[in-house]
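Notes follow once the structure below has been shown.
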Amino acid sequence: MPANRSKSEKHDAAAKPVRRDPYEVLGVSKNSADQEIKSAYRRMALKYHPDKNANDPKAADMFKEVTFSYNILSDPDKRRQYDTAGFEAVESESQELELDLSSLGTVNTMFAALFSKLGVPIKTTVSATVLEEALNNLVTVLPLPMGQPISKKVEKQCAHFYSVRITEEEARSGFVCRVQSSDKSKFKLLYFDREENNGLSLALQEDSAKTGKVTSAGMYFLGFPVYRLDQTMNSVAASKDPDAAFFKKLDGFQPCEITELKAGDHVFAVYGDNFFRSASYTIEALCAAPFKEEKEYLRAVETQILTKRVEISKFETEYREVLAQFTEMTNRYAQEMQAIDELLKQRNEIHASYTSAPPMKRSRSKSRGSFKEAKEDGPVKDKKSTMRDRPKKKKWYNIHLKVEKRKPC
């Protein structure tokens with residue numbers, strides 16, 4: 001018969017929200033590809049975004065549920081854990097929600113900026129207004145000639161759209177789109193798919209990262225899998241365990257969803273992701289044909305990184321076991337050292353008891369009585385007797401003169 005649960009346990013069970021299946025929330029199957037999951041998330045996030053449903057609490061809850069579900073299914077490790085053991089295998093505390101800065105008030109934006117300055121990673125999402133305008137084909141798209149960089153400044157939570165035309169030969173050779181900011185502005189590089197109604201739907205995004213004296217972001221379509229490194233992944237777990245910062249460093253190394261582009265027009269955008277100011281940037285589209293050696297070198301290095309990620313995963317298990325043994329040994333070392341010091345201290349105290357006489361405790365009355373007893377029992381020479389026993393010293397005025405007695409005349 002099962003044991004009765006306490007009132008607190010019943011209250012916790014009642015207060016704990018019942019989560020729906022992430023696949024059910026996003027409306028996809030368990031065999032869905034990453035791109036299909038991402039498209040479903042973008043579509044539902046745009047539908048239930050707080051910007052479009054300001055006074056609808058149900059839409060706000062749905063937006064959170066959609067985001068939470070996508071955070072599980074977009075991560076290969078978390079998706080595998082959920083498929084194996086459900087929500088219990090997924091650490092809900094480490095789920096990071098993406099913030100739309102355009103929907104935050106001034107005070108919340110200031111707090112977010114402060115945490116970002118302190119080094120706390122904050123994932124931000126593209127404004128729903130920008131996504132909706134792109135989906136409805138209400139944005140201005142500028143041409144971006146191949147090999148000709150363009151420098152501009154984009155306002156915060158706004159985007160500049162560019163169209164790049166790729167030929168058959170350039171598509172076979174590979175294509176790269178790079179953005180840099182010399183004043184270290186924070187931005188996102190976006191890639192859009194063209195919909196049937198000629199609208200644009202977000203397909204890829206890359207957050208800028210500091211590389212030397214600039215911030216940069218790039219998308220590489222080289223015909224083979226190219227990987228991106230998400231710096232914010234597992235940041236919460238790393239902060240709890242310093243060693244996790246090392247072992248989890250390559251967990252964010254994930255393949256990009258699109259490996260190559262077909263010939264035709266393709267739309268990119270630069271989104272200003274700064275908290276309070278505009279972002280200065282330079283965007284450039286390049287054909288990868290002149291960079292054959294770089295392409296092979298990139299493939300080789302990323303293969304080594306994948307191998308190293310597997311090795312580090314195995315090494316972590318060994319490291320944790322040795323670290324536990326080392327901690328046990330150091331604790332015993334401290335205990336043994338303390339025990340030895342205590343024994344040596346006791347030994348020294350015993351040795352000292354032989355060489356130093358114990359203190360004599362005599363009261364004032366007893367000392368007087370013992371003095372009287374000594375006076376009665378034994379002869380005590382007083383001061384006068386002592387003076388008599390001493391030989392007298394001759395003084396100059398006590399000179400004895402011998403005078404002969406003469407007979408009287």
Side-chain angles (χ1 to χ4, degrees), residues 22-29 31-53 59 62-63 65-67 69-71 73-74 98 100 102-103 124-146 150 154 157-168 170-171 174-177 179 187-207 217-221 223 226 228 255-273 283 285:
Y23 295 100
E24 178 186 349
V25 173
L26 296 180
V28 295
S29 65
N31 298 326
S32 298
D34 294 339
Q35 184 60 35
E36 185 179 353
I37 292 174
K38 174 167 286 190
S39 299
Y41 164 69
R42 298 295 182 189
R43 183 173 58 255
M44 298 190 70
L46 185 60
K47 178 180 179 181
Y48 295 105
H49 200 280
D51 281 356
K52 300 179 62 178
N53 305 274
M62 189 64 185
F63 179 77
E65 188 176 28
V66 168
T67 305
S69 300
Y70 176 71
N71 285 337
L73 300 184
S74 62
E98 295 184 352
D100 182 356
S102 63
S103 64
T124 56
T125 186
V126 181
S127 169
T129 304
V130 173
L131 296 178
E132 188 173 9
E133 290 177 351
L135 192 60
N136 295 327
N137 197 21
L138 299 177
V139 296
T140 302
V141 182
L142 302 175
L144 178 61
M146 191 74 69
I150 296 178
V154 60
Q157 286 84 60
C158 294
H160 289 170
F161 289 79
Y162 297 93
S163 177
V164 182
R165 176 162 293 181
I166 301 176
T167 64
E168 290 286 350
E170 291 169 342
F175 169 80
V176 175
C177 184
V179 181
F187 62 88
K188 294 180 185 293
L189 175 60
L190 312 176
Y191 172 72
F192 289 84
D193 282 333
R194 183 73 69 175
E195 300 292 334
E196 295 180 358
N197 63 347
N198 209 29
L200 301 172
S201 63
L202 182 60
L204 293 176
Q205 75 174 39
E206 288 288 342
D207 292 343
M219 292 184 180
Y220 303 85
F221 309 94
V226 177
R228 67 160 65 94
C256 297
E257 292 83 353
I258 304 176
T259 60
E260 59 183 345
L261 297 180
K262 297 181 179 180
D265 293 335
H266 297 271
V267 178
F268 295 85
V270 180
Y271 177 78
D273 205 23
I283 184 171

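We count residues from 1, following the sequence as given. For the numbers below, each heavy atom of this structure counts, side chains included, while hydrogens, waters and symmetry mates do not.
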Student check: side-chain heavy atoms of [X] and [Y] closer than 4.5 Å:
X      : Y      : value
Arg194 : Asn137 : yes
Leu204 : Arg228 : yes
Arg43  : Ser201 : no
Phe161 : Val130 : yes
Val267 : Asp265 : no
Tyr41  : Leu73  : no
Val164 : Phe175 : yes
Met219 : Phe268 : yes

Side-chain donor or acceptor of Ser39 paired with backbone N/O of Glu36 under 3.5 Å: no
Heavy-atom donor-acceptor pair, Tyr271 side chain to Ser127 backbone, under 3.5 Å: yes
Residue pair Val226, Thr259: steps toward the side-chain contact (heavy atoms from CB on, under 4.5 Å) verdict: CA-CA 7 Å; Val226 177; Thr259 60; over 6 Å; no
Can you measure from [atom1] ([X]) to [atom2] ([Y]) and round to the nearest 0.5 angstrom?
X      : Y      : atom1 : atom2 : value
His160 : Thr140 : NE2   : OG1   : 9.5 Å
Asp273 : Phe187 : CG    : CZ    : 10.0 Å
Lys47  : Glu132 : NZ    : CD    : 13.5 Å
Cys177 : Met146 : SG    : CE    : 9.5 Å
Asp193 : Ile258 : CG    : CD1   : 5.5 Å

If every non-hydrogen atom of [X] is compared with every non-hydrogen atom of [Y], which pair is closest and at what distance?
X      : Y      : result
Ala285 : Leu144 : CB-CD2, 3.9 Å
Ala171 : Ala263 : CB-N, 4.0 Å
Val179 : Leu189 : CG2-CD1, 3.7 Å
Lys38  : Glu257 : NZ-OE2, 3.0 Å
Val28  : Ala40  : CG1-CB, 3.8 Å
Asp207 : Ala217 : O-CB, 4.0 Å

Partner of Glu133 by side-chain contact (heavy atoms from CB on, under 4.5 Å), out of Leu135, Thr129, Asn136: Thr129
Ring geometry between Tyr191 and Phe221 (parallel below 30°, tilted from 30 to 60°, perpendicular above 60°): tilted
